[in-house]
Amino acid sequence: MPVETNNKKKRQIKPPNIRQFGGSLLVLLTLLFLLNLIVPSFFGPKLPQVPYSDFIAQVQAGKVDRAIVGGDRIEYGIKTQTPDGKPTEQVFATTPVAIDLDLPKILRDNKVEFAAPLPDQNGWIGTLLSWVAPPLIFIAIWGFFLNRGGGGPAALTVGKSKARIYSEGSTGVKFLDVAGVDEAKAELEEIVDFLKNADKYTKLGAKIPKGVLLVGPPGTGKTLLAKAIAGEAAVPFFSISGSEFIELFVGVGAARVRDLFEQAKQQAPCIVFIDELDALGKSRGSGSMMGGNDEREQTLNQLLTEMDGFDANTGVIIIAATNRPEILDQALRRPGRFDRQVVVDRPDKIGREAILKVHARNVKLADDVDLATIAIRTPGFAGADLANLVNEAALLAARQNQQAVTTADFNEAIERVVAGLEKRSRVLNETEKKTVAYHEVGHAIIGALMPGAGKVEKISVVPRGVGALGYTIQMPEEDRFLMIEDEIRGRIATLLGGRSAEETVFGKVSTGASDDIQKATDLAERSVTLYGMSDKLGPVAFEKPQQQFLEGYGNPRRSISPEVAREIDREVKQIVDNAHHIALSILQENRDLLEETAQDLLQKEILEGPKLRERLKQAKAPAELAEWLRTGKISEDRPLMQSLLV
């Protein structure tokens, strides 16, 4: 287990590994065996090769004196004389024909001395290798995969905990570096104070919480709070991710949990931080049907036992973080294991300003920068988003060789984070540019008349990001935590404003409204199935919300009858149709304003600021708007505007 301290790490000289020495010896012996087999064949005497027919002819001619007959090779000698008349023997070799069964008779008839070759003295080596080589190859392959998975001898310590240990204040993060989550910070500061001044609490009979569960959306600072605890607490701090407990081998996770708590007990009092707890603590009632034999469930059971079993972990405090608390096992979340559940939510306007001040401490800001204004313009931004925003603004200023970061840099950075990079290279033809201009102005005019929609800050026909050919930015004047019924209707109408403008001006629509239609339909469906805002269906929830902090996941429908499903579809369509009618009515009422603003946008490409807001104040509301916002209904005496355009 690695230990990190403030001091520089000293390199430790590791003793020679016995297993590595044994492996090298095994390789050396294998090479010697192979050389013993291969070298003689390369460096032994080579005999002249003669065709078998010539060998038979020489035997019958009486030239062959002796022969050594093998199954695949025949060596024979012919007596000759040297130039000075001395007798000598010349040895040749040939390959026998397998079907020639008359060879022994021919040799006897011609009085040739013949014999079989002597047994190979090295034959036992081949036999030995035929038994030893396959297991060695299997072991070598197994070792190769172990090395890839964690490294040779480390595989034998697979059950050891991989937690990182920080000594006192070694993370470089303090509570002063955390802002915007004051309530969560106060809860965790109390734990640090308990560790430092335990007498203040124990004399009143108070006990330190065994565990604290940090829950909240991604990027809100859960891990940063844990680092701040490590920086403030004068006790050892263990940090590990939930996924590091789970491995391929069964039982490894439970062994790592035991090892982690054994080490934590030895250094108590201490803090153990488990990040992404949902990877480990998923509810046992979901997922696979393998029961308690599942590796993840064994690991979870071991964690439950260690946190609150028969053996109390005195002095070991567990802090865990997750953005999916709804899937955690109930036994894990109960008091006695996690006594406190601290929500680390997205910051409000005051919190965003405090976070911006923290991240802007080392950034040179121009005099025109007002962080409070930037905080107002960034609703819904988490701490990680704001840190990225400050960094993007500083990068933009540095790219232009400025001496300080200006408000314009922050405004551009906000648009980069929200809408993506500006793509001036994406050139639109006149028809596309005109369609986009009227589309965006339609959003702006309708949005200016809707309640709770915020002020329209900017309209642009400059492409950004992946698919945005233009965009309209609306900034809320304050933080909102609820949406009223009329605000939902107004939001749907605003989303349909772009398509309605295309229908009003061109009499036909484009594919540019596909994302708006998707969002409008989703919002209308949620108002019926989740918020209970349908007069016909009443306050009945037809969806099961599952993701509390993660966006982008759909909620499953409850089991409903086909008749109810058809009624839901009718209600959703009626909501969207009525909003479409209102959007067309507003644009028909403000046709001159639509034309004037769109032509100005085509010339300048960007409209923003007070001039844009003054122009949008001229928008007139149709007579039926107020009644529709209140009830969501359109007078039955008047046909829908979209039916008149067909």
Side-chain angles (χ1 to χ4, degrees), residues 163 171 173-175 178-242 257 260-261 264-265 268-283 300 303-309 312-347 351 382-383 548-549:
T171 61
V173 180
K174 303 290 185 181
F175 280 125
V178 182
V181 284
D182 296 336
E183 297 83 1
K185 187 165 70 171
E187 294 287 335
L188 298 176
E189 282 178 339
E190 183 181 78
I191 292 177
V192 174
D193 185 58
F194 189 100
L195 293 172
K196 291 182 177 180
N197 306 297
D199 294 341
K200 182 173 70 174
Y201 299 89
T202 55
K203 70 180 181 182
L204 298 176
K207 297 179 180 179
I208 189 68
K210 290 185 178 181
V212 178
L213 181 62
L214 305 177
V215 299
T220 51
K222 299 183 292 295
T223 306
L224 185 66
L225 279 168
K227 289 182 178 180
I229 295 173
E232 296 280 356
V235 295
F237 185 89
F238 293 74
S239 176
I240 192 170
S241 172
V257 171
L260 172 63
F261 278 87
K265 291 174 187 177
C270 64
I271 297 175
V272 176
F273 174 65
I274 304 176
D275 201 4
E276 303 299 340
L277 182 65
D278 50 273
L280 170 64
K282 189 177 295 185
S283 176
L300 175 59
L303 179 63
L304 296 176
T305 302
E306 294 289 347
M307 290 185 66
D308 190 25
N313 290 318
T314 306
V316 179
I317 301 173
I318 308 297
I319 299 177
T322 181
N323 43 40
R324 303 181 67 188
E326 64 278 354
I327 70 171
L328 294 181
D329 196 272
Q330 291 298 321
L332 186 62
R333 298 178 61 179
R334 72 164 176 81
R337 291 192 173 103
F338 285 108
D339 297 323
R340 291 184 181 178
Q341 182 170 307
V342 179
V343 177
V344 187
D345 208 349
R346 288 186 174 89
Q548 186 175 355
F549 297 111

If every non-hydrogen atom of Ser241 is compared with every non-hydrogen atom of Glu276, which pair is closest and at what distance?
-> OG-CB, 4.4 Å

Which heavy atom in Val342 sits nearest to a heavy atom in Ala184, and how many Å separate them?
-> CG1-CB, 3.3 Å

Considering non-hydrogen atoms only, spot the tightest contact between Gly216 and Asn323 and give its length.
-> O-CB, 3.0 Å

What residues form a side-chain contact (heavy atoms from CB on, under 4.5 Å) with Leu224, not counting sequence neighbours?
-> Val173, Val178

Enter the distance from Leu204:CG to Asp199:CG here, rounded to the nearest 0.5 Å.
-> 11.0 Å

Please list all pairs passing the ring-ring contact (aromatic ring centres under 6.0 Å, His included) test where one or both residues lie in residues 213-232, with sequence neighbours left out.
-> none

What ring-ring contact (aromatic ring centres under 6.0 Å, His included) pairs are there with at least one residue in residues 215-235, not counting sequence neighbours?
-> none

Side chain to side chain donor-acceptor pair (under 3.5 Å) partners of Asn197, counting only residues at least two apart = Asp193

For Ala264 and Cys270, the nearest pair of non-hydrogen atoms, with its separation, is O-SG, 3.3 Å

Quick one: list whatever passes salt bridge (Lys or Arg N to Asp or Glu O under 4.0 Å) with Glu187, sequence neighbours left out.
-> Arg340

To the nearest 0.5 Å, what is the distance between CG (Leu277) and CD1 (Ile319)?
-> 12.5 Å

Phe175: partners by ring-ring contact (aromatic ring centres under 6.0 Å, His included), with sequence neighbours left out = none

Begin with the C-alpha distance, continue with both residues' side-chain angles, and end with the deciding distance and a verdict on side chain to side chain contact (heavy atoms under 4.5 Å, CB included) for Leu213 and Leu328.
-> CA-CA 11 Å; Leu213 181 62; Leu328 294 181; 3.8 Å; yes

By salt bridge (Lys or Arg N to Asp or Glu O under 4.0 Å), Lys196 pairs with (sequence neighbours left out) none

For residues Ala279 and Gly242, report the shortest heavy-atom separation together with the two atoms involved.
-> CB-C, 4.1 Å

What distance separates Leu260 CG from Lys265 NZ, expressed to the nearest 0.5 Å?
-> 10.5 Å

Is there a side-chain contact between Arg334 and Asp308 (heavy atoms, below 4.5 Å)?
-> yes

Which residues share a side chain to side chain donor-acceptor pair (under 3.5 Å) with Asp182, sequence neighbours left out | none

Not counting sequence neighbours, list each pair that qualifies as a ring-ring contact (aromatic ring centres under 6.0 Å, His included) and has a residue in residues 315-335.
-> none

Partner set under side-chain contact (heavy atoms from CB on, under 4.5 Å) for Ala321, not counting sequence neighbours = Leu214, Lys222, Phe273, Asp275

Go through the structure and list residues passing salt bridge (Lys or Arg N to Asp or Glu O under 4.0 Å) with Asp339, not counting sequence neighbours.
-> none

Paired with Phe237, the side chain to side chain contact (heavy atoms under 4.5 Å, CB included) test is passed by just one of Ile317, Ile229, Val272, namely Ile229

Point-to-point distance, once rounded to the nearest 0.5 Å, from OG1 of Thr202 to CZ of Phe194 = 6.0 Å

Which atom names give the shortest non-hydrogen contact between Pro347 and Gly180, and what distance separates them?
-> CB-O, 3.8 Å

Any donor-acceptor pair under 3.5 Å linking the side chain of Thr220 with the backbone of Val344?
-> yes

Set of residues satisfying side-chain contact (heavy atoms from CB on, under 4.5 Å) with respect to Ala331, sequence neighbours excluded = Arg284, Leu304, Asp329, Arg337

How long is the gap from CE on Met307 to CD1 on Ile318, to the nearest 0.5 Å?
-> 5.5 Å

Say you draw a straight line from CD1 of Ile191 to CD of Glu189; how long is it, rounded to the nearest 0.5 Å?
-> 11.0 Å

Side-chain heavy-atom pair Glu183, Lys185 within 4.5 angstrom cut-off | no

